[in-house]
> 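First the structure, which I've put down as structure tokens, then a few questions once you've had a look.
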There are 2 protein chains.
Amino acid sequence: MKITQLQLLKVLLNNGLNISEAAKQMFVVQSAVSRQLSLLEEELGMPLFVRKGKRLDAPTPLCLDIAGEIDNMELALENIRAVADDHRDARVGELRLATTHTQAKYFLPSVINEFREKYPKVKIHFFQGNPAQLVDMLHKREADVAVCTEELQEHSDLITHKCYDWNHALIVPPEHPLAKGKLTLERIAEYPLLTYVFGFTGRTKIQEAFEALKLKTDITFAATDTDVIKSYVKLGFGAGIIAKMAFEDKSNDGLLLRDMSEFFPSSTTTAAYVKSKFLKSYLQEFIDILVKHGKLNM
Amino acid sequence: MKITQLQLLKVLLNNGLNISEAAKQMFVVQSAVSRQLSLLEEELGMPLFVRKGKRLDAPTPLCLDIAGEIDNMELALENIRAVADDHRDARVGELRLATTHTQAKYFLPSVINEFREKYPKVKIHFFQGNPAQLVDMLHKREADVAVCTEELQEHSDLITHKCYDWNHALIVPPEHPLAKGKLTLERIAEYPLLTYVFGFTGRTKIQEAFEALKLKTDITFAATDTDVIKSYVKLGFGAGIIAKMAFEDKSNDGLLLRDMSEFFPSSTTTAAYVKSKFLKSYLQEFIDILVKHGKLNM
DNA sequence: ACTGATTACGCAGTACGTAATTATA
DNA sequence: TATAATTACGTACTGCGTAATCAGT
């Protein structure tokens, strides 16, 4: 049983059981993949895929049962390499950070700044996505750490660190009716709204608050990031509901901010990584900085 | 990075860092081991052992950090093989059972009997040892399941199943003064006692009960198994304190049993296996039978 | 016809063994 | 001196690539 044979199996599962495609990803020719797969099946004494003629049609139950163990093995191997890298030189390496636009733009800059000062030689890679994608990146080990607001606590195979709590706020142009007077959800619901798409930054909490009062909202427009929402609010498309901290920015030219913390429960921004992952020392420290800056923000 | 290179590292650590010895265990010559070790060190970019001239003197911190991950990897590989074996034929294989003498003799026979009827083709290997050794065997994966009374619940990397509770009892020859009259710990402490050695079958509970009353005991004789204790009790060496269920045996010829459940807290016999181990279907069922028979005993 | 998988065969890299060398107890 | 580790070199094996064959869309 060879490491590459087992990895091959995962690659096949992730590429529609296409041997040719798997071969490309592993930088070998099809015949090599075909043979290694046969050898592995022979060693295990059972087929890993049901064939339709010569094509792979579906994974066998055995194959699926094995897949999880291969994940464990790959993680162990990556950890071994990480441990060695850390012992060799704990100040170099890369940090693959998966996060959402809002966190990347409004929370992380100061964190990254402090981190870069301490570890100038660590290459930082940003990956953006929705929270579900971020979790997926962690599981596939394409990212080391994820930072976002939703979804993270629910996964028992992730270790999470609370960074900070925040609330939502309303942004409107000065001439908008909601710019003045007492705010209520009932009043707000009368106007077109712009906010985040589902799965992002507390969108469900917004939804639930309105629904709890049986209010129908006119969410004209939903985006993944605050900047887009702001732009359209400026253009007069309606009132925006955004993460409050996303307002602390120079480019708000003229928009008014109104607190909405009384209407929606606060959200928590969280950092996470996979449970049995070995954290190189600079990753460990990155998490520490994240949490520290989170506390400063509160 | 090759599987065998990583396994080699564990073998070295388990054999006093002796390359020649490791070579024997891996069925290759010394030079092969030496070279593979060098290659691994080269790939990791750091030495795994500090050398004293040409001999390995001590593992580096890196080496120790890596060792745990290698365990995970080996476990994953063993699980893969086990899954495949299970899919190929779930009725054959081996069951490596680590247990103490008392459990092997008085609790397990009926369990083994039922199991063998269902799985006549599974080879059963018994390993005996003290509870600490049993745990060690699980960790080194030299045994699949351990059954004993102590030590198991405290290990968070083991999954445990309660089998049954039991109490201690006193055995004496008919002519012994303790054969008659009301039993008290004070009275018992006046006579020479025979019981289990430390680390076995509730010995600490016996100790603690006497100490709680500030009684000094004369434990003349301690053994790992009940049979030996019985023999010496018959020879008049003193009174024996044994697991009560160990009396249900033909060969007690003449010894008297007196219940002691009021003096010592009951003990629990438990089955355990390592947390992330894949259990073949017959192992799963073996555990079920263990628990079932445990309940019958209560 | 075209895409995709298997089989056959030659070549290259890797790992082992034997043996010589060097170092330690 | 005996034991243990490294280095050198020849050999066998394993895994890849090219190419031909076979099967499905």
Side-chain angles (χ1 to χ4, degrees), chain A residues 1-60 62-64 66-67 70 73-74 77 80-81, chain B residues 1-60 62-63 66 70 73-74 77 80-81:
Chain A
M1 197 148 36
K2 300 278 156 52
I3 292 172
T4 50
Q5 293 175 334
L6 297 171
Q7 287 172 330
L8 160 63
L9 207 155
K10 291 252 25 168
V11 173
L12 278 171
L13 288 173
N14 290 332
N15 289 282
L17 315 190
N18 184 321
I19 289 190
S20 307
E21 184 54 36
K24 273 180 204 158
Q25 285 201 29
M26 302 197 65
F27 305 105
V28 289
V29 297
Q30 299 92 326
S31 70
V33 170
S34 176
R35 202 164 340 101
Q36 291 308 320
L37 177 59
S38 305
L39 287 172
L40 181 57
E41 288 181 317
E42 191 184 334
E43 183 168 354
L44 296 177
M46 291 276 290
L48 289 163
F49 297 95
V50 289
R51 264 80 167 178
K52 202 172 202 167
K54 286 203 171 185
R55 316 239 165 155
L56 308 189
D57 189 45
T60 60
L62 166 63
C63 183
L64 298 174
I66 281 180
I70 296 178
M73 185 206 66
E74 287 189 315
L77 292 178
I80 288 170
R81 276 186 262 268
Chain B
M1 197 146 36
K2 301 276 156 50
I3 292 172
T4 51
Q5 292 175 334
L6 297 172
Q7 287 173 327
L8 160 64
L9 207 155
K10 292 251 23 166
V11 174
L12 279 170
L13 288 173
N14 291 332
N15 289 281
L17 314 188
N18 185 323
I19 290 190
S20 308
E21 185 54 36
K24 273 181 205 158
Q25 285 201 28
M26 303 198 63
F27 305 105
V28 290
V29 297
Q30 299 92 328
S31 70
V33 170
S34 177
R35 202 164 339 102
Q36 291 308 320
L37 177 60
S38 305
L39 287 172
L40 181 57
E41 288 181 317
E42 191 185 333
E43 183 168 356
L44 296 177
M46 290 276 290
L48 289 163
F49 297 95
V50 289
R51 264 80 167 177
K52 202 170 199 167
K54 287 203 169 186
R55 318 238 164 159
L56 308 187
D57 190 43
T60 60
L62 166 63
C63 183
I66 281 181
I70 296 177
M73 186 207 64
E74 287 189 315
L77 292 178
I80 289 170
R81 276 185 262 268

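Keep in mind the model is a prediction, meaning the values are calculated, not measured.
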> Is there a side-chain contact between A:K2 and the phosphate of D:dG15, meaning an N or O under 4.0 Å from OP1 or OP2?
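Answer yes for this pair, as a side-chain N or O of A:K2 is under 4.0 Å from OP1 or OP2.
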> Please tell me if the side chains of B:I66 and B:L44 come closer than 4.5 Å, counting only heavy atoms from C-beta onward.
yes
> At 4.0 Å (heavy atoms only), tell me whether B:V29 reaches a base, stays on the sugar-phosphate, or touches nothing.
base
> Calculate the interatomic distance between A:D57 atom CG and C:dT3 atom C1'; express it in whole Å.
16 Å
> Whole angstroms only, please: what is the CG-C1' distance between B:N18 and C:dA23?
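The distance from CG of B:N18 to C1' of C:dA23 comes to 15 Å, rounded to the nearest Å.
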> Given C:dA5, is OP1 or OP2 found less than 4.0 Å from the side-chain N or O atoms of A:S34?
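For C:dA5, OP1/OP2 do not have a side-chain N/O of A:S34 under 4.0 Å.
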> Kindly point out which of C:dC16, D:dC16, C:dA23 is positioned nearest to the side chain of B:Q36?
C:dC16
> Quick one, B:E43 and B:L39 - any side-chain contact, counting heavy atoms below 4.5 Å?
no
> More 5' along DNA chain D: B:S38 or A:G53, using each one's nearest nucleotide?
B:S38
> Measuring from the side chain of B:V28 (C-beta onward, heavy atoms only), which nucleotide among C:dT21, C:dC16, D:dT3 has the closest atom?
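Within the option list, the nearest is C:dC16.
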> Can you measure A:Q30 atom CD to D:dG15 atom C1' for me and round it to whole angstrom units?
16 Å
> So which heavy atom on A:P47 is nearest to which on A:T60, and how close?
O-OG1, 3.1 Å
> Do B:L56 and B:R51 come close enough that some side-chain heavy atom pair is under 4.5 Å?
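Result yes, sub-4.5 Å side-chain heavy-atom pair found.
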> Just compare D:dG24, D:dT6, C:dG17 and give me whichever is closest to any side-chain atom of A:R55.
D:dG24
> So what does B:S31 hit on the nucleic acid, given a heavy-atom distance under 4.0 Å: a base, only sugar-phosphate, or nothing?
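Since a base atom lies under 4.0 Å of B:S31, the category is base.
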> Grab the CG-C1' distance between A:L8 and D:dC16 for me, whole Å please.
14 Å
> Output the rounded distance in Å from CG (B:L56) to C1' (C:dA23).
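The answer, rounded to whole Å, is 13 Å.
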> Within this structure, what is the CD-to-P distance between B:Q5 and C:dT14, rounded to whole angstrom?
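Checked: the CD to P distance equals 11 Å.
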> Quick one: does B:L8's side chain get under 4.5 Å of B:L40's, heavy atoms only?
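Result no, sub-4.5 Å side-chain heavy-atom pair not found.
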> Does A:V33 or B:R51 map to a spot on DNA chain D nearer the 5' end, using the closest nucleotide for each?
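Nearer the 5' end of the strand: B:R51.
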> If you check every side-chain atom of B:R35, which of C:dC16, C:dA8, D:dT21 has the closest atom?
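Taking heavy atoms from C-beta onward, the closest nucleotide is C:dC16.
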> If you check the B:S20 side chain, which of D:dA5, C:dC16, D:dC16 turns out closest?
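The nucleotide sitting nearest to the side chain is D:dA5.
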> In this structure, how many angstroms lie between the P atom of D:dA5 and the CZ atom of B:F49, rounded?
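Interatomic distance, CZ of B:F49 to P of D:dA5: 11 Å.
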> Rounded to whole angstroms, how far apart are CD1 on A:I19 and C1' on D:dG17?
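After rounding, the gap between these two atoms is 16 Å.
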